[in-house]
Amino acid sequence: MMLTPLVYWAQRHEEIYLRVELTDAQNIDVQVHDKVLQFRARGHGAKGQNEYEFSLEFLFPVKPEVSYKSTQRQVNVVVGKEKRGWWERLVTQERKPVFLAPDFDRWLEESDAEMEIREKEERRNRLRSARLKEPGFISLKTGFLFAYNLVQFLGFSWIFVNMTVRLFIFGKDSLYDTFHTISDVMFFCQTLAAVEVLNAAFGVVRTGVVPTFIQVIGRNFILFIIFGSLDEMHNRPVVFFVFYLWSAIEIFRYPFYMLGCFNTEWKTLTWLRYTVWIPLYPLGVLAEAVAVLQAIPIFDKNKLFSIPLPKAIGGSLSFSYVLQGYLILMFLGLFINFRHLHKQRKRRFRTKKRKAN
């Protein structure tokens with residue numbers, strides 16, 4: 001008859017911990033195939049010195065690599081989860097095996113495990129902050145990110161202040177020459193913003209690639225295709241509203257990132273960074289949509305970027321059809337980015353509220 005040792009288990013979001021009660025275990029063999037872990041070893045267990053074995057069919061897939069360490073009192077096994085998450089139980093069958101029990105020495109509820117992750121992250125941040133405070137120390141990555149955010153902050157601040165001053169001095173007249181006075185700096189800042197997509201893609205900063213890509217590509221499409229390629233759009237008031245709303249968001253976002261490079265925070269700036277986008281971002285997308293709608297009849301008229309059709313059909317396919325499809329994608333992108341920003345805001349202030357408690 002197969003002898004089974006006592007096995008205690010606990011979990012984290014990424015790993016399963018097993019503690020096998022075998023003293024002076026030898027000839028240990030631990031393997032994982034699909035979702036099944038098989039254990040065999042010789043040692044002193046509940047039935048004395050014998051061969052012991054057991055198998056567990058996990059609730060969800062796990063990684064095939066398994067690590068274990070034998071001590072004088074027990075065998076500790078660590079199995080990685082294939083997909084990060086929290087399991088409601090360890091094995092597929094609802095009624096757990098009689099030899100399996102929770103390891104209360106390592107047991108944590110899901111909320112406690114999340115707190116443990118945050119505490120580890122805070123410890124790493126404190127260590128990183130301590131290194132940054134050492135005289136003369138600054139990493140190449142930190143210097144690069146600070147310089148990038150500083151340049152963008154100065155650029156968008158110049159745009160915002162310039163447009164505000166001109167609005168007070170010239171009134172409504174300033175709405176009609178925004179492109180001629182501001183576009184050079186806006187072209188520079190938005191071209192440079194492509195760096196943010198690369199930073200996200202290569203892990204230089206911890207943020208989603210898709211939301212960053214949507215924002216950068218969407219803005220550059222409006223700037224270069226709608227405004228840049230059509231002289232008829234240069235004197236439209238919509239240019240003012242688009243540029244002003246873009247810059248109003250960025251003058252809070254980039255200084256927030258600048259302080260973040262040195263693990264420093266200004267609470268008022270943090271609140272503004274995670275709040276002003278709520279009204280400004282949808283308004284910015286609305287202004288962009290107005291610009292696209294105004295550009296559609298112009299593209300129909302001048303045939304710019306039209307796609308020639310085969311001679312048998314004749315004519316060409318107007319670029320305005322692309323713009324109509326882009327309007328749909330624009331509001332889909334608004335939904336994706338709005339949800340992403342909302343999750344960021346909720347996570348940020350929920351974490352701070354728990355810290356305060």
Side-chain angles (χ1 to χ4, degrees), residues 1-127 343 346-357:
M1 182 178 178
M2 181 181 70
L3 298 178
T4 56
L6 295 175
V7 181
Y8 300 90
W9 78 282
Q11 67 170 319
R12 297 296 185 269
H13 287 87
E14 297 178 348
E15 293 176 324
I16 296 293
Y17 303 114
L18 301 176
R19 176 162 57 88
V20 185
E21 290 293 291
L22 279 182
T23 303
D24 296 323
Q26 299 176 348
N27 303 327
I28 302 171
D29 182 23
V30 186
Q31 298 182 17
V32 173
H33 299 288
D34 295 327
K35 297 194 302 180
V36 179
L37 178 140
Q38 295 178 328
F39 177 95
R40 180 188 294 270
R42 182 173 182 80
H44 192 280
K47 299 294 183 179
Q49 188 72 18
N50 277 298
E51 293 277 350
Y52 291 86
E53 60 181 303
F54 68 88
S55 64
L56 294 172
E57 184 178 357
F58 294 116
L59 181 63
F60 296 111
V62 294
K63 296 178 181 179
E65 301 83 9
V66 58
S67 62
Y68 65 87
K69 182 179 180 180
S70 177
T71 68
Q72 202 171 22
R73 299 177 54 191
Q74 62 203 26
V75 180
N76 296 314
V77 181
V78 180
V79 184
K81 295 179 179 179
E82 188 71 37
K83 185 178 180 181
R84 188 181 188 279
W86 199 259
W87 297 1
E88 60 182 12
R89 61 178 185 273
L90 181 65
V91 293
T92 54
Q93 61 267 34
E94 293 188 9
R95 187 174 182 179
K96 65 181 179 61
V98 294
F99 62 85
L100 186 65
D103 185 353
F104 290 109
D105 291 337
R106 304 194 70 168
W107 191 267
L108 289 179
E109 298 298 331
E110 182 176 7
S111 58
D112 297 325
E114 291 177 349
M115 186 66 71
E116 181 183 70
I117 292 173
R118 284 195 293 272
E119 289 174 353
K120 289 181 179 179
E121 183 66 27
E122 288 172 2
R123 283 197 294 269
R124 284 195 293 266
N125 289 337
R126 285 196 296 269
L127 289 173
K343 286 182 178 179
K346 186 177 179 181
R347 190 185 309 120
R348 182 80 182 191
F349 291 116
R350 180 179 60 186
T351 301
K352 289 191 171 296
K353 184 177 179 181
R354 288 183 178 179
K355 286 182 181 178
N357 294 334

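- A donor-acceptor pair is defined here as one N or O able to donate and one able to accept, closer than 3.5 Å; such a pair exists between the side chain of Y52 and the backbone of K47.
- Heavy atoms only, all atoms of each residue included: D105 and R19 are closest at OD2-NH2, 4.1 Å.
- A 4.5 Å side-chain heavy-atom check between Q38 and E53 finds every atom pair outside the cut-off.
- The structure places CG of L18 at 6.5 Å from CG of L90, a figure rounded to the nearest 0.5 Å.
- When all heavy atoms of L56 and P97 are compared, the closest pair comes out as CD2-CG, 4.3 Å.
- The aromatic rings of W107 and W9 lie perpendicular to each other, with more than 60° between the two planes, well past the 30° mark.
- Considering V75, V66, V20 in turn, V66 is the only one that fulfils the side chain to side chain contact (heavy atoms under 4.5 Å, CB included) rule with V30.
- A salt bridge between K81 and E14 is absent, with no side-chain N of the basic residue lying under 4.0 Å from a carboxylate O of the acidic one.
- Annotation: D34, atom CG; neighbour count of heavy atoms from other residues, nucleotides and ligands within 6.0 Å does not exceed 12.
- Counting non-hydrogen atoms of other residues, nucleotides and ligands closer than 6.0 Å to NZ of K343 gives a total of 12 or fewer.
- Here the OH-CG distance, from Y17 to L108, works out to 9.5 Å after rounding to the nearest 0.5 Å.
- Annotation: R42, atom CZ; neighbour count of heavy atoms from other residues, nucleotides and ligands within 6.0 Å is above 12.
- Note: R84 CZ to R12 CZ = 12.0 Å, rounded to the nearest 0.5 Å.
- L22 places none of its side-chain heavy atoms less than 4.5 Å from the side chain of S70.
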(request) I would like to know whether E15 and V79 meet side chain to side chain contact (heavy atoms under 4.5 Å, CB included); could you show each step before the answer? (result) CA-CA 6 Å; E15 293 176 324; V79 184; over 6 Å; no

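- With rounding to the nearest 0.5 angstrom, the CD atom of E88 is 8.0 Å from the CD atom of E94.
- Rounding to the nearest 0.5 Å gives a distance of 5.5 Å between CG of D24 and CD of Q72.
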(request) Go through the steps to decide whether E82 and F60 satisfy the test side chain to side chain contact (heavy atoms under 4.5 Å, CB included), and finish with yes or no. (result) CA-CA 8 Å; E82 188 71 37; F60 296 111; over 6 Å; no

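- Atoms CZ and OH, from F39 and Y68 in turn, are 8.5 Å apart once rounded to the nearest 0.5 Å.
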(request) Could you check V91 against E57 for side chain to side chain contact (heavy atoms under 4.5 Å, CB included), going step by step and ending with a plain yes or no? (result) CA-CA 5 Å; V91 293; E57 184 178 357; 5.7 Å; no

(request) Go through the steps for I16 and L59 under the test side chain to side chain contact (heavy atoms under 4.5 Å, CB included), then give the verdict. (result) CA-CA 11 Å; I16 296 293; L59 181 63; over 6 Å; no

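- R89 CZ: more than 12 foreign heavy atoms inside a 6.0 Å radius.
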